[in-house]
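Structure first, then comments.
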There are 2 protein chains.
Amino acid sequence: MMVGIVDVAKKANVSTATVSRVLTKPETVRETTTEKVLKAIEALNYQPNLIARQLRRLETKTILVVVPDITNPFFSKVLRGIEAVAVAKGYQVLLGDTGNDVEREKGYLNILQQKKADGMVLLTARMDAAAVEEVARSFPVVLACEYIEGSRIPTVSIDNISGARKATEYLIDLGHERIGCITGPLDIVLSRDRLKGFYQAMARKNLIVDPVLVQEGDFSFDSGFNLMMKFFALGQLPTAIFAASDDMAMGVIKAIKSKDLKVPEDISVLGFDDLKFSSIFEPALTTIAQPAFEIGENAMELLMKLIHKEEVKREQIILADQLVVRESVGTI
Amino acid sequence: MMVGIVDVAKKANVSTATVSRVLTKPETVRETTTEKVLKAIEALNYQPNLIARQLRRLETKTILVVVPDITNPFFSKVLRGIEAVAVAKGYQVLLGDTGNDVEREKGYLNILQQKKADGMVLLTARMDAAAVEEVARSFPVVLACEYIEGSRIPTVSIDNISGARKATEYLIDLGHERIGCITGPLDIVLSRDRLKGFYQAMARKNLIVDPVLVQEGDFSFDSGFNLMMKFFALGQLPTAIFAASDDMAMGVIKAIKSKDLKVPEDISVLGFDDLKFSSIFEPALTTIAQPAFEIGENAMELLMKLIHKEEVKREQIILADQLVVRESVGTI
DNA sequence: ACTCGGATTGTAATCGTTTACATACCTAAC
DNA sequence: GTTAGGTATGTAAACGATTACAATCCGAGT
């Protein structure tokens with residue numbers, strides 16, 4: 001049933017070593033023998049067993065990608081960037097979806113220690129930093145999108161602080177003063193950074209922020225909707241809102257529309273991410289665009305270098321974000 | 001550096017066999033020895049090498065899922081269903097994104113033959129049926145969403161024909177007679193099925209379909225937009241359009257709006273898939289909902305049975321689709 | 001005290017490759 | 001015709017676990 005290298009060797013009247021060489025270093029074996037062997041391989045429809053090869057070589061040609069939610073188009077785009085360079089370099093990707101669950105996130109660390117992958121890229125870092133650091137000491141690990149404060153683990157992301165600052169300044173420059181902010185979950189560095197950028201911009205322009213107007217969401221459409229409804233309920237309306245994700249921005253806008261107000265005429269809304277859908281949505285979202293695919297590509301290339309123990313000059317790669325102006329923000 | 005089972009054995013003063021047993025069949029080893037071994041494992045921070053185990057056991061506890069485009073929210077939801085039951089059963093998933101490329105799709109078949117995965121679920125079947133059949137003869141394979149005509153490969157999907165028929169009949173019952181259809185790529189069975197359902201409904205109600213009004217798209221927003229613009233250019237307007245995907249339906253609607261017409265007042269549009277975004281879109285899409293997550297779950301469970309050589313009663317699992325009525329369709 | 005038999009543990013073969021090392025081959029130069 | 005020296009092949013030891021089989025232990029029954 002199962003045809004192995006010995007079968008091929010037997011059929012071609014050579015040793016297993018020769019067969020193996022034909023497959024991996026053809027230049028070291030004579031033309032005529034190569035042909036014999038190739039013929040035998042063909043005849044038996046032999047396929048080398050990768051597991052055996054991996055055991056011998058102590059490498060899996062596989063990398064693990066840990067994603068908080070594959071269903072989120074932003075992450076799937078990053079993933080695609082990773083996958084693209086992975087296959088180009090002959091690697092496969094093992095998918096780890098955590099469903100935003102810290103425990104499962106931790107669980108995936110084992111895969112690395114159990115040698116089932118040569119390296120790992122994390123698109124989430126909710127678990128305790130120490131555990132990640134520990135693993136990263138022994139295995140190639142890179143963070144994408146997220147980062148860990150004060151850590152030297154290689155990272156690729158945008159500068160969330162400056163992105164958020166730029167977004168907020170844009171609102172201010174258009175005359176807005178009473179600006180609300182709907183943040184992501186604050187246990188995530190990236191959410192805190194965006195909030196920090198928001199505060200920085202407000203401070204620079206000497207505006208005070210009304211504490212009631214900064215609320216913590218969870219990046220989801222629903223949380224955006226609910227938080228905006230809360231503003232209505234409280235009777236505390238801003239003239240503009242900076243939402244830390246496009247999903248939330250859309251929720252906010254839906255809520256505003258539900259009160260028969262208009263965006264941007266009555267209230268402006270600015271998002272973050274630039275999902276494909278954000279330009280289809282009405283009003284089309286003004287937002288900060290993240291180069292998701294490129295983040296993935298860069299992360300994988302960085303990981304590749306780590307795996308091959310090449311020198312990495314910059315450990316933190318910051319990609320450019322961009323304010324894309326569409327229709328959801330207006331002047332005061 | 002690398003701590004193996006022999007190190008543990010040495011430290012605990014037992015044989016490697018015993019260590020292995022502690023890990024895999026604890027009931028066969030005495031309590032006190034188990035403790036000794038566990039302590040040694042702890043002390044050395046030993047993690048079994050999965051590759052070695054897999055080689056010995058000839059199984060990888062990994063399954064391969066081949067997706068045409070992970071970025072598409074529909075597929076990523078199916079994938080999530082697969083992943084959910086996979087991890088529940090102790091399996092990991094290897095991701096194969098083909099980028100809609102037939103060659104890459106074919107390439108992934110090798111992974112199975114090279115024993116890097118115990119089974120495979122295909123969310124796409126564009127390549128020639130013979131190749132898939134061939135692989136499926138020797139390895140566990142299940143198709144999800146797609147199917148191959150006249151094949152006995154286990155499949156889970158909805159009934160695309162009846163779904164499309166139901167959708168079209170709904171339009172007809174509302175008084176529409178001049179109905180257009182924007183199909184998916186017709187080299188895909190599923191697209192042909194949806195078109196077939198459309199024709200069936202029209203025939204049953206004795207309506208003639210204007211050939212100009214059925215056009216082939218590629219499931220994308222842009223193709224929907226462009227094809228609708230083509231209708232405008234031709235001056236051939238239907239009163240309703242059945243689009244074979246929500247993405248295309250949204251494109252169609254955008255095109256209609258761009259001509260200052262209204263949906264559904266001037267033209268009705270009905271979609272297919274029920275993406276998360278379809279209910280946020282304005283007008284909210286009336287569409288055929290596919291149980292994406294459940295398709296994934298069922299596919300994985302089916303695959304599990306194949307892998308364990310259990311008897312599978314039904315080889316084709318048909319899940320229920322559902323017409324969800326929202327705002328994009330009106331009476332004539 | 002001595003056996004017997006089940007419960008534990010140990011020894012060594014095995015999974016299917018790769019590869020260090022040894023050996024055989026072959027050509028060219030003398 | 002020898003031989004040096006590279007080239008091509010073969011032999012067998014890894015890789016790190018699992019497991020069939022053999023060996024040992026230990027308590028109960030006599």
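Lettering of chains follows the sequences in order, A, B, ..., and the numbering in each one begins at 1. Computed from heavy atoms alone, side chains included, the values below leave out hydrogens, waters and symmetry copies.
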Within the structure shown, what part of the strands sits under 4.0 Å from [X] by heavy-atom distance: base, sugar-phosphate, or nothing?
{"X": "A/Val6", "value": "nothing"}
{"X": "B/Leu55", "value": "base"}
{"X": "B/Thr18", "value": "sugar-phosphate"}

Should the heavy atoms of other residues, nucleotides or ligands under 6.0 Å from [atom1] of [X] be counted, would the total exceed 12?
{"X": "B/Glu310", "atom1": "CD", "result": "yes"}
{"X": "A/Lys11", "atom1": "NZ", "result": "no"}
{"X": "A/Lys61", "atom1": "NZ", "result": "yes"}

Quickly work out the [X] [atom1] to [N] [atom2] distance and round it to whole Å.
{"X": "B/Lys115", "N": "C/dT17", "atom1": "NZ", "atom2": "P", "value": "9 Å"}
{"X": "B/Lys116", "N": "C/dG16", "atom1": "NZ", "atom2": "C1'", "value": "16 Å"}
{"X": "A/Ile51", "N": "D/dT18", "atom1": "CD1", "atom2": "P", "value": "14 Å"}
{"X": "A/Leu50", "N": "C/dG16", "atom1": "CG", "atom2": "P", "value": "14 Å"}
{"X": "B/Leu58", "N": "C/dT17", "atom1": "CG", "atom2": "P", "value": "11 Å"}
{"X": "B/Lys10", "N": "C/dT9", "atom1": "NZ", "atom2": "P", "value": "20 Å"}
{"X": "A/Leu23", "N": "C/dT19", "atom1": "CG", "atom2": "C1'", "value": "14 Å"}
{"X": "B/Asn13", "N": "C/dT9", "atom1": "CG", "atom2": "P", "value": "13 Å"}

Checklist entry - Do A/Asn45 and A/Val3 have side chains that get closer than 4.5 Å, going by heavy atoms? => result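 No, too far: nothing below the 4.5 Å cut-off.
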Next on the checklist: Rounding to 10°, can you tell me the angle the first-five-pair axis of the helix from C/dA1-D/dT30 to C/dC30-D/dG1 makes with its last-five-pair axis?
Outcome noted: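 Answer for the end axes of this duplex: 50°.
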Atom pair [atom1] ([X]) and [atom2] ([Y]), whose distance is rounded to the nearest 0.5 Å:
{"X": "A/Gln316", "Y": "A/Thr155", "atom1": "CD", "atom2": "OG1", "value": "4.5 Å"}
{"X": "B/Tyr91", "Y": "B/Glu59", "atom1": "OH", "atom2": "CD", "value": "5.5 Å"}
{"X": "B/Leu306", "Y": "B/Met120", "atom1": "CG", "atom2": "CE", "value": "11.5 Å"}
{"X": "B/Leu95", "Y": "B/Leu79", "atom1": "CG", "atom2": "CG", "value": "6.0 Å"}

Would you indicate which nucleotide in [options] comes nearest to any side-chain atom of [X]?
{"X": "A/Arg21", "options": "C/dT17, C/dC15, D/dG10", "value": "D/dG10"}
{"X": "A/Arg57", "options": "D/dT19, C/dT19, D/dA17", "value": "C/dT19"}
{"X": "A/Arg53", "options": "D/dT9, C/dA12, C/dT17", "value": "C/dT17"}
{"X": "B/Ser15", "options": "D/dG16, C/dT17, C/dT11", "value": "C/dT11"}

Item to check | Partner residues of A/Arg80 under the salt bridge (Lys or Arg N to Asp or Glu O under 4.0 Å) criterion, sequence neighbours left out | outcome: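 Counting only residues at least two positions away or on another chain, A/Arg80 forms a salt bridge (Lys or Arg N to Asp or Glu O under 4.0 Å) with B/Asp69, B/Asp97.
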Item to check | B/Leu122 and its side-chain contact (heavy atoms from CB on, under 4.5 Å) partner, picked from B/Val132, B/Ile153, B/Val135 | outcome: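 Checked B/Val132, B/Ile153, B/Val135 against B/Leu122; only one passes side-chain contact (heavy atoms from CB on, under 4.5 Å): B/Val132.
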Next on the checklist: Tell me which residues in residues 25-39 of chain B lie within less than 4.0 Å of DNA chain D, going by non-hydrogen atoms.
Outcome noted: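 Correct list: B/Lys25.
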Checklist entry - Do the side chain of B/Arg56 and the base of C/dG16 come within less than 3.5 angstrom through a donor-acceptor pair of N or O atoms? => result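 By the distance-only test, no, there is no pair.
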